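Data block below; observations after.
What you see is a predicted model; the values in this text were computed from it and never measured.
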Amino acid sequence: MEIRDDAGFFAALDANEELPYGKARTARAEELVVVAERMGSDENLAWALLRLITAYNYGGESPRTPVPLSRLLKLWDEHPEGFDEQLTHHLFWDLKWITSSLLAVPEVPLPAIRGYLADMERRYRTAGHSLRPVHQSRFYLARHIGADAESAEAFDAWLAADRDRLADCDACERREQARWLIARGRDADALELLAPTLDGALTCAEEPQVSLAASMLPLVREGDPDRARAHHLRGYRSVRGKVSTYAAVAEHIEFCALTGNEGRGIEILAEHRAWLERPQSDPSDHSDFLAGVAVLLRRLVAVVGPELVVFEDTSAGALRDAVERELFEIAARFDARNGNDAVSSRVRLRLAAVPVAKSLPLGLRSARVAASGPVASPTPATVSADRDASELLACARDLDKQGHPRSDQAWRDYAAAARDLGQDVGAFALAAITEAEGVDLVDEGEFAAGIAALTRAAAGYLAADAPGRAVGAEVRTAMARFRAEQADPVGLFDATRAKAEELLPDDAAPLALVLHHRAIVALTTGADDMDEILTELHDLGRDHGLRHRQAAALHLRAEQALQEDRTTDAEADLSAAITLCREAERPWLACRPLFLRSQVRMQAGDPAAAEADMRGALEAAAFFAEPQFPVGHALTMLANAIGAQDRPEDALPFALEAAHVFDDEGDAEMAAACRGGAVGMLFGLGRDAEAAAILEELLPEIEAHHGPEYAMHERWALGMCLRRLGDARDAAKHLSMAAEAATKVADRAVQAEIAVAAAHALDDAGMAPQAQAAFGRAIELLRAEGDVRETVRALRAKAWNIAGNTNRDDPSGVDRALALFGEALRELAGADPGSGAGAESGSEAGFGSGADDDVAAMIAVETAGTHHQLAHLLARADRLHPALTAADRAAAAYVPLLPEEGDGYLDAVQLASRIEAFGLEQRQAAVNRLSEALTVCRTAGFQSVDDLRELRNELAKN
């Protein structure tokens, strides 16, 4: 469109401001500079140059800002009278950007940058402005070149100088100050400085999203991983793909690399792969991005190896080499300009970063990065790596005697040490290692191989003159056959029992083990001799000091009781079993009884006790490395127990960790369920950005594993989160999809609720025709439900949408809106309190449970509100007489509702008074109305009337 006059020019400038920062917006800004030159207006040219500088600065081309800024300064120097207050402010504001812009280009010499700084200081002094931005710019220069003393001096001067209108926003200043502190290892001080921004008290175009990125690793280092996770989920959605937050994207990649989320880091890198191939910003920003990527690639090579495929055609090792080569080439250019190696030294320091957390579950379904080769098990806590084979043997024997979970690894450590020294490994040790291998194979479902290994282990124990342990291996063989459904194991148990009884009375442990496993089979199959076996096991354990076998009998008896719904008996037996495990100095055996008792206590309505038990179970399982403990389910139940105590923030980390565990186990359905629970907690806590981040990635999992109704609910929740975040178009998309799905899987009340939400979201997104159709559908559903209050509100919302999206010169839009207000008033007039119409709505508003007076109160409030909104709509349409009538009716309807509805009453009275005084030239009538209203408020006990009194006094003076 050709620009012919100033109005068209400024309209074009404003239209360009609506575009996202990037090539298109910058190109248009450059075109408008040419247009302004052609128009011959200094003012137009000044504005065009200012908008171009902004486009360069936020569009990844900040090194280009000096040229338009120099032209702007020349205009100022030659024709200062052409700059009004606003233009002058923008000129001095943009002066602050030049240091950063020039520093970002290694080919700009330092003397030139210092010259610009001197000119900036001169101009600020001449204009009488605070030198705070000058000191800030000097700090940036000194920090960049590694002049620590000069940096510290400029930093102090920056903080000491007064803040005026030209100071950077408080959030941006705090961010840069915090980065300086973080670089010096002062994480706690940096986080304290960032607190107002992170909490949402300070915001700007770049904040809080950039500070969220900067805070993540310091939070983990300071022991607050939950907030770090929250900042990743909140912040990444706001910086994804935006060149104005180039470096922040790299910080998210780096955070993932150093918290065990390498898979998530790869996903983020893949989304920004084009930035590797074609830099989107200046060399400084691009080197920051490359550094974050290099940290990730180094971790991938260290964890998996250089052959890991990152992209379909690129390995981690090859990409690491390419990225680091480019990164150090840029650093070398800066070093050459600066005359030192400060930049490359900072790069090397960043790339040497070590993980700050082994694993920090983010709640997202990301590919897990696993080591390419076997990972050595940790050395038992009781064994030092430098001990010789004899000490390792003694340690293994001691742990084996205790039945310790780490005894298997202890035997392996001893065998490895013995072989390294050229020593023979004892027969008992070999049998123990073979038995452990057999058990592992069976647990992995490799029954044939496991049974073969257990058979060899039994023979090995006999060769080592350990008949009791041979019986144990045979028992485990029988259990393996039972699990493999190969044969009835009872006969095998009978054979091993006979061998075990031969060892009595000197060694009762083999018989106790036989009875224990026989009892498990009996419980699983519902055998008639279950009670007899349990009694024998319990008594044998008691009589021979085998408390852990006595505990096992009580545990199994508790499971039997739970099958028969005897929860009180089950809890008593489990409590006794836990006590016996601890008395036997085998606390690891208490894991499962604690796990089960937690469930019992939760079902009994005691979530606090359930929480304590599950925490104990998890702690013991982790400390003693109990291999078969169901960690994922335990974490899920712990989250539920904490949530039942109305502590969702405490429950959230456990729900997310459970999802992480189920991911590793390949249980996608349970992982999705845990994430769904976590989203519910986040939604309830008002942490919409985090909930949305998880939901966006969770929806495909839910649709695949939980069906359309669950997916509808989650899409509904996502839409509501996005709407509260101000993402109107995406909110409208998801809520519309949820509304469509609801017609197939939800009842009418749910359909109505989602339809209303979708209509409002479409309205927010400026999609007027779709919004009006959605409101129409919602009104139909709400009427069918008999929900008077929500029907009236939907009618009013549709009316406003129509009026707001019709040309002001076309009266038909207002007429259609008025017709809808008429419908709303008829709905209210026809609502009979005695019929219970709208009772549910009234209850939700806090009026009660459906009593007639509650419905009457709802009708009174909505009637007043409808007249009130109608008055505003008519006033905006310049239909002043009917607007005054509606405002009168609204005020009168509000009077019986005072003081609760005082704000509505005051607004209606003021609206009526302004119509009279300024629209109808009836000033005295307006004064009289306001005086009467003050009397009404005083009588009703409503005190907040200052605005009313001020308006009356203003009108009375004139």
Side-chain angles (χ1 to χ4, degrees), residues 198-200 203 207-209 212-213 226-242 252 264 267-268 271 361-366 639 643 648-649 651-653 655-656 659 671-703 706 708-742 746 750-767 770-771 774 778 797:
L198 301 177
D199 295 340
T203 61
E207 294 298 347
Q209 57 267 33
L212 288 170
D226 295 335
R227 282 189 71 204
R229 169 179 48 239
H231 289 187
H232 172 67
L233 295 174
R234 282 175 60 197
Y236 180 64
R237 294 187 75 257
S238 300
V239 302
R240 174 194 284 143
K242 295 181 180 177
H252 282 278
R264 169 69 169 168
E267 291 171 3
I268 297 174
E271 290 182 317
L362 299 176
L364 302 171
R365 183 71 173 96
S366 298
E649 199 155 7
L652 177 65
L656 295 177
C674 290
R675 289 192 175 90
V679 165
M681 297 174 202
L682 289 166
F683 193 80
L685 290 166
R687 291 161 61 174
D688 296 313
E690 296 166 63
I694 296 175
L695 277 170
E696 285 173 333
E697 298 203 12
L698 180 61
L699 271 171
E701 292 285 332
I702 290 175
E703 289 171 337
H706 291 274
E709 184 174 1
Y710 194 175
M712 181 259 316
H713 280 283
E714 297 306 287
R715 197 175 290 281
W716 180 11
L718 175 57
M720 296 301 290
C721 286
L722 292 171
R723 188 171 177 228
R724 293 197 301 221
L725 290 168
D727 192 345
R729 286 205 164 264
D730 277 351
K733 179 186 77 172
H734 287 291
L735 286 169
S736 296
M737 292 174 69
E740 183 179 352
V750 171
Q751 290 181 47
E753 191 173 355
I754 303 177
V756 169
H760 282 293
L762 289 162
D763 189 12
D764 294 342
M767 302 167 70
Q770 297 91 329

Notebook entry, point to check: Do you know the tightest heavy-atom contact between Ala761 and Ala731?
Noted result: CB-C, 4.1 Å
Next item on the list: Measure from NZ or CZ of Arg724 to the centre of the six-membered ring of Phe683 and say whether it is under 6.0 Å with the direction within 45° of the ring axis.
Entry: yes
Margin query: Would you say that Lys733 contacts Arg729 through its side chain, given a criterion of any heavy-atom pair below 4.5 Å between the two side chains?
Written below: no
Note to self: I'd like to check Trp716 versus Glu753 (side-chain heavy atoms, cut-off strictly below 4.5 Å). Are they in contact?
What the structure shows: yes
Item checked: Closest heavy-atom pair and its distance - Ala659, Arg675 -> CB-CG, 3.7 Å
Next item on the list: Scan Arg237, His252, Glu690 and name whichever one has a side-chain hydrogen bond (donor to acceptor under 3.5 Å, both in side chains) with His232.
Entry: His252
Checklist line | Point-to-point distance, once rounded to the nearest 0.5 Å, from CE of Met720 to CD1 of Ile754 | finding: 10.0 Å
Next item on the list: Would you check if Leu656 and Leu362 make a side-chain contact, meaning some heavy-atom pair closer than 4.5 Å?
Entry: no
Next item on the list: Evaluate side chain to side chain contact (heavy atoms under 4.5 Å, CB included) for Arg264 paired with Tyr236, printing each intermediate quantity in order.
Entry: CA-CA 12 Å; Arg264 169 69 169 168; Tyr236 180 64; 3.4 Å; yes
Notebook entry, point to check: What is the distance from atom CG of Leu695 to atom CD of Glu701, rounded to the nearest 0.5 Å?
Noted result: 13.0 Å
Next item on the list: Could you grab the distance from atom CG of Asp764 to atom CG of Leu735, nearest 0.5 Å is fine?
Entry: 10.0 Å
Margin query: With a 4.5 Å cut-off on side-chain heavy atoms, are Leu198 and Arg227 touching?
Written below: yes
Margin query: What's the separation between atom CE in Met767 and atom CG in Leu762, rounded to the nearest 0.5 Å?
Written below: 5.5 Å
Next item on the list: To the nearest 0.5 Å, tell me how far Ile702 CD1 sits from His706 NE2.
Entry: 6.5 Å
Next item on the list: Looking only at non-hydrogen atoms, find the nearest pair between Ala771 and Ala759 and report the distance.
Entry: CB-O, 3.8 Å
Next item on the list: Check for a donor-acceptor pair, side chain of Glu709 on one end and backbone N or O of Ala746 on the other, with a separation under 3.5 Å.
Entry: no
Note to self: I'd like to check Leu652 versus Arg687 (side-chain heavy atoms, cut-off strictly below 4.5 Å). Are they in contact?
What the structure shows: yes
Checklist line | Any residue meeting side-chain hydrogen bond (donor to acceptor under 3.5 Å, both in side chains) with Asp727, in chain and number order, not counting sequence neighbours | finding: none
Next item on the list: Please name the pair of heavy atoms, one in Ala691 and one in Val679, separated by the smallest distance, quoted to 0.1 Å.
Entry: O-CG2, 4.1 Å
Check: Closest approach of Met712 and Ala741, non-hydrogen atoms and distance?
Finding: CG-CB, 3.9 Å
Notebook entry, point to check: Can you name the nearest heavy-atom pair linking Cys674 to Ala655, along with the distance?
Noted result: CB-O, 3.6 Å
Checklist line | Separation of Leu364 CG from Glu697 CD (nearest 0.5 Å) | finding: 4.5 Å
Next item on the list: Report yes if some heavy atom in the side chain of Arg715 is under 4.5 Å from a heavy atom in the side chain of Tyr710; otherwise report no.
Entry: no
Checklist line | Contact check, side chains of Leu718 and Leu699, non-hydrogen atoms, under 4.5 Å | finding: yes
Check: Got a sec, which residues hit side-chain hydrogen bond (donor to acceptor under 3.5 Å, both in side chains) with Glu740, two or more places apart in sequence or on another chain?
Finding: none
